[in-house]
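Inspection log for the structure reproduced underneath, given as structure tokens.
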Amino acid sequence: MKKITFTSIAAIAAMGLASPAMAQDASEAEVYVGAQAGYHDLLDNPIGDDGGIVYGIYAGVDVPIGETLVTGVEGNFNLGSGAIDSEYGIVGKLGARVGNGGQIFLRGGYQGVNLDIGELTGGILNEADVDDSGDDYLVGIGGQFKVSDNVSLRAVVDTLGFDTTRATVGLAVHF
């Protein structure tokens, strides 16, 4: 697990550092900050609640590679309900521009999740009994579309290690 985490972080850092060098005009880089909400379904759990609503923030930078392709890096932090106390992560993005200011993208990286063990086990265990955190690689797909010059709406579906499913929608301001 630690090898996968280290490899994911190293690959994302390399992509983030290489992105400005690959861009035709680094001044076209676009920084954004947004708010998101959604649902993260952890696993098939017959005992307790196995997921929860998540809500939080994300921020990143997108850098164009030519006229159509875009690469970037993004970080996130979410609070949760149900079985999820909080989650945080970093991803690299590779996307294609569509329409006027839109983007369809794939993403991959690392995500850590802090769990509410009492909720997850139906009260059988609590945080003092077991480690309440987990992490894994994240892969996902999404799309974002500008609703004005500096604001975009997006939808993303991710999975952590192909064991969980998280769907979120977000609203971002671009600088």
Side-chain angles (χ1 to χ4, degrees), residues 1-20 29-45 49-63 65 69-96 103-117 119-120 127 130-145 151-175:
M1 176 59 68
K2 290 183 181 185
K3 288 181 183 179
I4 292 172
T5 301
F6 177 75
T7 304
S8 297
I9 292 171
I12 291 165
M15 186 163 53
L17 293 173
S19 295
E30 191 170 47
V31 176
Y32 57 90
V33 176
Q36 65 185 357
Y39 188 80
H40 193 161
D41 186 26
L42 297 175
L43 48 98
D44 187 18
N45 180 8
D49 186 13
D50 69 343
I53 294 171
V54 293
Y55 49 92
I57 58 172
Y58 61 97
V61 62
D62 284 341
V63 180
I65 305 173
L69 293 178
V70 177
T71 187
V73 65
E74 178 180 299
N76 72 77
F77 178 79
N78 295 309
L79 296 174
S81 67
I84 299 173
D85 282 337
S86 64
E87 53 183 33
Y88 51 90
I90 186 168
V91 296
K93 292 173 50 182
L94 181 61
Q103 185 184 126
I104 302 294
F105 55 86
L106 298 173
R107 56 197 231 148
Y110 165 84
Q111 190 77 11
V113 179
N114 293 317
L115 302 169
D116 182 335
I117 298 299
E119 187 75 28
L120 191 60
E127 280 78 5
V130 294
D131 182 17
D132 68 343
S133 63
D135 62 347
D136 213 334
Y137 64 91
L138 176 145
V139 294
I141 187 168
Q144 69 183 35
F145 302 93
V151 177
S152 68
L153 179 64
R154 79 173 191 178
V156 178
V157 176
D158 297 314
T159 181
L160 274 63
F162 295 97
D163 293 327
T164 75
T165 305
R166 180 179 68 178
T168 58
V169 293
L171 189 66
V173 176
H174 298 256
F175 304 97

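Remember, predicted model here, so these are calculated numbers, not experimental data.
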Do we see a donor-acceptor contact under 3.5 Å between the side chains of Asp62 and Gln103?
yes
Apply side-chain contact (heavy atoms from CB on, under 4.5 Å) to the pair Val151 and Leu171, showing each step before the final yes or no.
CA-CA 7 Å; Val151 177; Leu171 189 66; 3.6 Å; yes
Please check if atom CG in Leu69 has more than 12 non-hydrogen atoms from other residues, nucleotides or ligands closer than 6.0 Å.
yes
Should Val73 and Ile90 count as side-chain neighbours, where that means a heavy-atom distance under 4.5 Å?
yes
Between CZ on residue Phe162 and CG on residue Leu138, distance to nearest 0.5 Å:
9.5 Å
Go through the structure and list residues passing salt bridge (Lys or Arg N to Asp or Glu O under 4.0 Å) with Asp158, not counting sequence neighbours.
Arg107, Arg166
Looking at Tyr58, is Arg154 sitting on its ring face, NZ or CZ under 6.0 Å from the six-membered ring centre and within 45 degrees of the normal?
yes
Distance, nearest 0.5 Å, that separates CZ of Phe145 from CD1 of Ile104:
4.0 Å
What distance separates Gln36 CD from Tyr55 OH, expressed to the nearest 0.5 Å?
12.5 Å
Point-to-point distance, once rounded to the nearest 0.5 Å, from OG1 of Thr159 to CD1 of Ile141
13.0 Å
Checking side chain to side chain donor-acceptor pair (under 3.5 Å) against Tyr32, which of Glu74, His174, Gln144 comes through?
Glu74
Within the structure provided, determine whether Val31 and Val61 are in side-chain contact (heavy-atom separation under 4.5 Å).
yes
Between the side chain of Thr165 and the main-chain N/O of Leu42, is any donor-acceptor distance below 3.5 Å?
no
Ser86 side chain to Asn78 backbone, donor-acceptor under 3.5 Å
no
Are the side chains of His40 and Val113 in touch, meaning some heavy atoms are under 4.5 Å apart?
yes
Please determine whether side-chain contact (heavy atoms from CB on, under 4.5 Å) holds for the pair Asp135 and Tyr137, giving the CA-CA distance in whole Å, both sets of side-chain angles, and the decisive distance to 0.1 Å.
CA-CA 7 Å; Asp135 62 347; Tyr137 64 91; over 6 Å; no
Where do Asp136 and Gly161 come nearest, in terms of heavy atoms and distance?
OD2-CA, 3.5 Å
For a 4.5 angstrom cut-off between non-hydrogen side-chain atoms, does Val156 reach Phe105?
yes
